[in-house]
Amino acid sequence: VSTKYKGEFVMSTYLKTSIPHVRVLDLSAPLHAQFEITWKCSDRCIMCYNVWHGGYDISNDLTEEQHLEVLDILNPHIFSMIFSGGEPTEVPWLPKLVEYCRNDNVDCSMISNGKNIDKALAKSLVDAGLQGVQISLHHFEDSVSDWITGTEGSIPKTLKGIHSLLQYMVPEQIGICMVVNSITASDVYEMGRFLSEYGLKIFVVSLCSYSGR
């Protein structure tokens, strides 16, 4: 089995476990990473697990140099990177981080609410090598979406970002994630129909994660 170590592809062996017919790979590092590059976000989603809900000082976000230092540690070992947050597009040098990963042959995607993505940013990210985007969009009705995200006008802003991405990406590179709760779980099929009208083809439904709140 081929894995990655210090930028080189090496062979890893299987280790036996105490469970019959179950083995695990002997890896020196993770294969993938999700890097939360900022706590900043324009949304205040009711189900968000991020600590700024408790008054975290977002001025303590990492600098560009510190982001690159983290990538210097991770990139030699991993195959793929997901940039998330907060909202990763709040970081002005996000395209540089994407390019930094791609130069190390690391596949690169991001999780975003899409609201900051205009055509210029979409082109910059794709030119840097971004290969996929997961967009958070939790309902098809304005009032419900605004309640979930804690902001007004969520759907039009997100759809505008999706439209910008579609200028430079194919629909198969853009996935939509709907986090459902007890009120919206029955709306999943209608949400799928809503998204199909925009030519979107990848739709993921997720459950809320317990975060102590």
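Residue indices begin at 1 and follow the sequence shown. Here the structure is a predicted model, which is why all the values come from computation and not from measurement.
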Do you reckon [X] sits in the same ILVMFWY cluster as [Y], going by side-chain contacts under 4.5 Å, direct or chained?
X      : Y      : result
Leu74  : Ile111 : no
Ile202 : Leu200 : no
Leu159 : Leu121 : yes
Phe79  : Ile82  : no
Val204 : Ile176 : no

Is it true that a side-chain atom of [X] and a backbone atom of [Y] form a donor plus acceptor pair closer than 3.5 Å?
X      : Y      : value
Thr63  : Gln66  : yes
Gln167 : Ser164 : no
Glu141 : Ser143 : no
Thr17  : Val22  : yes
Gln173 : Gln131 : yes
Thr184 : Asn181 : yes
His67  : Ile37  : yes
Asp146 : Gly153 : yes
His139 : Val144 : no

Cationic N near anionic O, under 4.0 Å, [X] to [Y]:
X      : Y      : value
Arg193 : Glu190 : yes
Lys201 : Glu172 : yes
Asp118 : Lys160 : no

[atom1]-[atom2] distance between [X] and [Y], expressed to the nearest 0.5 angstrom:
X      : Y      : atom1 : atom2 : value
Trp93  : Glu99  : CH2   : CD    : 16.0 Å
Phe35  : Cys108 : CZ    : SG    : 11.5 Å
Met81  : Asp104 : CE    : CG    : 10.0 Å
Asn103 : Asn75  : CG    : CG    : 9.5 Å
Glu36  : Phe83  : CD    : CZ    : 12.5 Å
Cys41  : Arg44  : SG    : CZ    : 6.5 Å

With side-chain contact (heavy atoms from CB on, under 4.5 Å) as the criterion, how do Val133 and Leu125 come out once you've worked through the C-alpha distance, each side chain's angles and the decisive distance to 0.1 Å? CA-CA 10 Å; Val133 181; Leu125 289 168; over 6 Å; no
Verdict with supporting geometry, Thr89 and Asn116, side chain to side chain donor-acceptor pair (under 3.5 Å): CA-CA 6 Å; Thr89 59; Asn116 294 333; 3.1 Å; yes
I would like to know whether Lys115 and Asp43 meet salt bridge (Lys or Arg N to Asp or Glu O under 4.0 Å); could you show each step before the answer? CA-CA 9 Å; Lys115 295 178 179 178; Asp43 285 343; 2.4 Å; yes
Pair Leu195-Phe140, side-chain contact (heavy atoms from CB on, under 4.5 Å): steps then yes or no: CA-CA 8 Å; Leu195 296 173; Phe140 52 87; over 6 Å; no
With heavy-atom distances below 4.5 Å as the criterion, would you say the side chains of [X] and [Y] are in contact?
X      : Y      : answer
His138 : Ile148 : yes
Ser154 : Asn113 : no
Phe194 : Ile155 : yes
Glu90  : Ser42  : yes
Tyr168 : Asp127 : no

Specify the closest pair of heavy atoms between [X] and [Y], including all atoms of both residues, with the distance to one decimal.
X      : Y      : answer
Gly129 : Arg102 : O-CD, 3.4 Å
Cys208 : Val180 : SG-O, 3.5 Å
Leu71  : Leu97  : CD1-O, 3.8 Å
Leu94  : Pro88  : CD2-O, 3.7 Å
Ser112 : Ile117 : OG-CD1, 3.9 Å
Val188 : Ala185 : CG2-O, 3.3 Å

Going through the distances and angles, do Leu130 and Met169 end up as a side-chain contact (heavy atoms from CB on, under 4.5 Å)? CA-CA 10 Å; Leu130 189 71; Met169 287 181 159; 4.0 Å; yes
Over 12 non-hydrogen atoms of neighbours within 6.0 angstrom of CD in Glu152: no
Assess the residue pair Ile73 and Glu69 against the criterion (side-chain contact (heavy atoms from CB on, under 4.5 Å)); give the C-alpha distance rounded to whole Å, side-chain angles, the decisive distance to 0.1 Å, and a yes or no. CA-CA 7 Å; Ile73 296 170; Glu69 287 174 7; 5.8 Å; no
Go through it in stages, so that I can follow the logic: the residues are Lys96 and Glu64, the test is salt bridge (Lys or Arg N to Asp or Glu O under 4.0 Å), and I'd like the CA-CA distance, side-chain angles, deciding distance and then a yes or no. CA-CA 9 Å; Lys96 181 175 182 178; Glu64 178 180 347; 2.8 Å; yes
Quick one: are the ring centres of His163 and Tyr198 less than 6.0 Å apart?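 No, the ring centres sit 6.0 Å or more apart.
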